[in-house]
Amino acid sequence: MIIIKIENLSMSNILVYNPIINDSDSVKREYFERLKKYLKIGGFGKRIYEKSLLEAYEKIILTHKSADIVHDISFYRNLIVFDLLHILGCYVNDTTIRKLKQIEKQYVSDFQIRSGQWNLMLPLAASLTNSVKISSSIRRHLSDIEKKYADVFMHNLAFRNKKPFRIMVTATMSAGKSTFINSLVGKYVCLSQNMACTSKIHSIYNKAFEDNYFYEYDHDLVMTAGREELVNDNELNYTDKIIVAGHFNGILSDERILIDDSPGVNFSEDSSHREITEAMLKRKKYDLLIYVMNATQLSTNDENEHLEFVRKTIGKTPLIFVLNKIDSFNEEDENVRDVIDRQIQYLKSKGFKEPIVCPLSARAGYLSKTCQNSTLSRSDERTLYYLVDKFERMRLKEYYKTSFPQIKVPYSDDEIEQLQNSCGLSYTEKIIKNYINGGKKL
């Protein structure tokens with residue numbers, strides 16, 4: 001049973017914008033201890049979200065390398081209020097206000113705020129009860145640094161309050177579904193391999209902005225999750241769901257997206273995976289269905305059966321077919337456009353009248369995005385530049401320009417960034433964005 005407010009996982013950690021992380025070790029320790037003390041006075045910090053976020057604060061504040069910046073703790077008088085309310089999930093009601101009044105007594109004493117002198121705590125809390133903006137009467141008391149932190153704080157809140165757009169991704173085994181999701185996120189969030197290793201439903205949330213941290217809710221809530229947590233399921237999680245949150249890189253970065261990754265379907269082996277996926281499809285808790293297909297293994301028995309189930313179930317929900325692994329073809333020996341056209345005809349024969357087909361290489365798109373934010377291994381780097389040359393010759397973008405003339409993707413002079421266009425990923429993201437923003441039927 002999920003016992004946290006899941007929408008909070010779409011909020012990034014604002015702490016990365018707080019200069020406290022660069023201050024001296026002694027000031028950082030004092031800041032964290034005061035924050036922990038205030039939560040304890042108010043009776044907060046016991047719920048899973050608050051406890052886990054406080055643990056993340058401790059790790060980030062105390063382990064971040066200090067810079068040559070030293071402030072007196074009084075410099076952080078207002079910033080700590082934003083962090084306190086951030087840890088509370090920005091939810092404020094009458095009970096919260098009563099508890100904050102208790103905290104305020106200690107806060108005023110700690111920061112030596114004189115009687116009658118303005119302080120941020122209650123005015124900010126009160127503003128959150130009925131607004132997603134900080135009033136000018138509050139902002140005029142803030143320094144430039146505090147105003148920037150306030151903007152990050154409120155951007156987070158506004159993003160959380162947006163209605164999420166739910167995407168379900170389905171596929172038979174070996175279609176490259178996990179790599180496709182990784183390419184949308186621009187980070188390694190799904191284990192990529194040729195067998196379905198788990199019957200868990202993985203839900204991936206986009207976060208408001210880049211904070212360089214993943215959240216994972218897999219029995220425990222870890223808000224500084226590393227690769228080990230992301231790829232290994234917690235044996236204590238007896239539910240059918242794992243939730244991961246991280247900021248998406250690319251065209252979809254500003255969208256409030258939730259991706260439900262269903263188990264890979266194989267009709268001849270583990271039936272539980274198929275049953276879970278079919279139950280998800282029947283529930284129709286998605287605004288868009290993306291069906292990932294392996295371009296090198298078309299018209300298999302598993303594919304035929306799964307397509308038939310999807311056709312009977314989906315109703316009027318928008319559907320995109322992703323034709324993955326298009327990089328497997330030799331553009332000199334095979335006409336890739338013929339491969340795409342055959343797939344379109346195959347889908348039409350299965351009852352999909354005007355299928356939206358997006359050929360791409362998820363591997364190329366993922367490597368391109370990863371290269372922009374981290375260092376690739378020598379092997380991956382060689383593969384990346386091979387794919388840059390390959391897709392320039394393949395001219396896949398000509399298919400998109402003729403098939404989806406309303407979808408515009410600007411050319412990039414950076415050959416690594418341009419690979420996202422030439423391999424089909426940017427066009428696919430633009431098509432997804434069209435549905436998110438209520439665009440016309442393609």
Side-chain angles (χ1 to χ4, degrees), residues 4-19 44 47 49-50 52-53 56-57 60 78-94 96-97 100 120-167 184-186 203-215 217 221 223 243-259 287-288 429 432-439:
I4 66 172
K5 293 182 177 179
I6 297 299
E7 63 269 20
N8 281 352
L9 299 184
S10 66
M11 294 197 296
S12 299
N13 196 330
I14 64 173
L15 182 61
V16 296
Y17 285 93
N18 190 332
F44 300 117
R47 290 180 292 189
Y49 179 83
E50 296 164 1
S52 300
L53 189 49
Y57 263 64
I60 296 169
N78 289 330
L79 295 175
I80 202 170
V81 175
F82 286 107
D83 283 327
L84 174 64
L85 291 171
H86 174 61
I87 291 174
L88 299 183
C90 303
Y91 288 108
V92 177
N93 53 30
D94 291 343
T96 310
I97 294 291
L100 288 174
L120 177 62
M121 187 170 292
L122 293 181
L124 179 60
S127 72
L128 296 180
T129 61
N130 55 16
S131 176
V132 291
K133 293 183 179 180
I134 295 178
S135 67
S136 58
S137 61
I138 292 177
R139 291 184 69 88
R140 66 187 177 87
H141 290 282
L142 304 179
S143 68
D144 288 343
I145 290 175
E146 291 164 349
K147 287 176 182 176
K148 290 179 181 178
Y149 206 51
D151 291 340
V152 171
F153 177 90
M154 297 310 292
H155 171 70
N156 226 5
L157 180 57
F159 187 84
R160 194 268 310 272
N161 290 345
K162 290 169 62 176
K163 181 181 178 181
F165 187 87
R166 301 182 67 105
I167 299 172
L184 290 182
V185 179
S203 296
I204 301 102
Y205 283 71
N206 187 24
K207 287 164 61 177
F209 54 82
E210 185 59 78
D211 60 5
N212 296 310
Y213 292 99
F214 279 109
Y215 307 155
Y217 188 32
L221 176 59
M223 304 189 80
I243 299 171
V244 175
H247 182 62
F248 289 19
N249 291 332
I251 291 170
L252 301 176
S253 63
D254 294 331
E255 303 295 344
R256 176 82 155 80
I257 298 173
L258 161 58
I259 296 176
D287 303 297
L288 172 67
E429 289 178 318
I432 294 171
K433 194 177 184 76
N434 176 74
Y435 284 111
I436 293 173
N437 296 328

Is the shortest heavy-atom distance from the side chain of [X] to the side chain of [Y] under 4.5 Å?
{"X": "Y205", "Y": "V244", "value": "no"}
{"X": "Y149", "Y": "L142", "value": "no"}
{"X": "I6", "Y": "I4", "value": "yes"}
{"X": "F165", "Y": "L258", "value": "no"}

Separation between [atom1] of [X] and [atom2] of [Y], rounded to the nearest 0.5 Å:
{"X": "D211", "Y": "I60", "atom1": "CG", "atom2": "CD1", "value": "7.5 Å"}
{"X": "F248", "Y": "E429", "atom1": "CZ", "atom2": "CD", "value": "10.0 Å"}
{"X": "I167", "Y": "S203", "atom1": "CD1", "atom2": "OG", "value": "12.0 Å"}
{"X": "L221", "Y": "M223", "atom1": "CG", "atom2": "CE", "value": "5.0 Å"}
{"X": "L128", "Y": "T96", "atom1": "CG", "atom2": "OG1", "value": "10.0 Å"}
{"X": "L53", "Y": "N13", "atom1": "CG", "atom2": "CG", "value": "5.5 Å"}

For the student: nearest non-hydrogen atoms of [X] and [Y], plus distance:
{"X": "P164", "Y": "D287", "value": "O-OD2, 3.9 Å"}
{"X": "I134", "Y": "A150", "value": "CD1-CB, 3.5 Å"}
{"X": "I97", "Y": "A126", "value": "CD1-N, 4.3 Å"}
{"X": "F82", "Y": "L120", "value": "CE1-CD2, 3.6 Å"}
{"X": "M121", "Y": "L100", "value": "SD-O, 3.7 Å"}
{"X": "I87", "Y": "E50", "value": "O-CG, 3.4 Å"}

Worksheet entry | Worked verdict on N437 versus E255 for side chain to side chain contact (heavy atoms under 4.5 Å, CB included) | CA-CA 9 Å; N437 296 328; E255 303 295 344; 3.7 Å; yes
Worksheet item: Which is it for R256 and F159 under the side chain to side chain contact (heavy atoms under 4.5 Å, CB included) test, yes or no, and what are the steps along the way?
Response: CA-CA 7 Å; R256 176 82 155 80; F159 187 84; 3.7 Å; yes
Item to complete: List the steps, then state whether side chain to side chain contact (heavy atoms under 4.5 Å, CB included) holds for L252 with I432.
Response: CA-CA 8 Å; L252 301 176; I432 294 171; 4.2 Å; yes
Polar side-chain atom of [X] near backbone of [Y] as donor-acceptor pair, under 3.5 Å:
{"X": "S52", "Y": "Y49", "answer": "no"}
{"X": "Y213", "Y": "G246", "answer": "no"}
{"X": "T129", "Y": "V92", "answer": "no"}
{"X": "N206", "Y": "I257", "answer": "no"}
{"X": "S12", "Y": "A208", "answer": "yes"}
{"X": "N156", "Y": "M11", "answer": "no"}

Practice prompt. Given side chain to side chain contact (heavy atoms under 4.5 Å, CB included), test K433 with I251 step by step and report yes or no.
Written response: CA-CA 8 Å; K433 194 177 184 76; I251 291 170; 3.9 Å; yes
Discussion item. So that I can tick it off, tell me whether R139 and D151 are bridged by a salt bridge, with the cut-off set at under 4.0 angstrom between side-chain N and carboxylate O.
Written reply: yes
Worksheet item: Is the shortest side-chain N to carboxylate O distance from K148 to D144 below 4.0 Å?
Response: no
Worksheet item: Is the cationic atom of K207 (NZ for Lys, CZ for Arg) positioned less than 6.0 Å from the six-membered ring centroid of Y215 and within 45 degrees of its normal?
Response: yes
Discussion item. Does R160 qualify as a cation-pi partner of Y91, given the criterion of NZ or CZ under 6.0 Å from the six-membered ring centre and within 45 degrees of its axis?
Written reply: yes
Item to complete: Please say whether more than 12 non-hydrogen atoms of neighbouring residues, nucleotides or ligands are located less than 6.0 Å from CG in N93.
Response: yes
Worksheet, complete the sentence: ring pair (Phe, Tyr, Trp, His ring centres under 6.0 Å) filter on F209, not counting sequence neighbours, yields Y17
Worksheet item: Are side-chain N/O atoms of D83 and Y57 paired as donor and acceptor at under 3.5 Å?
Response: yes
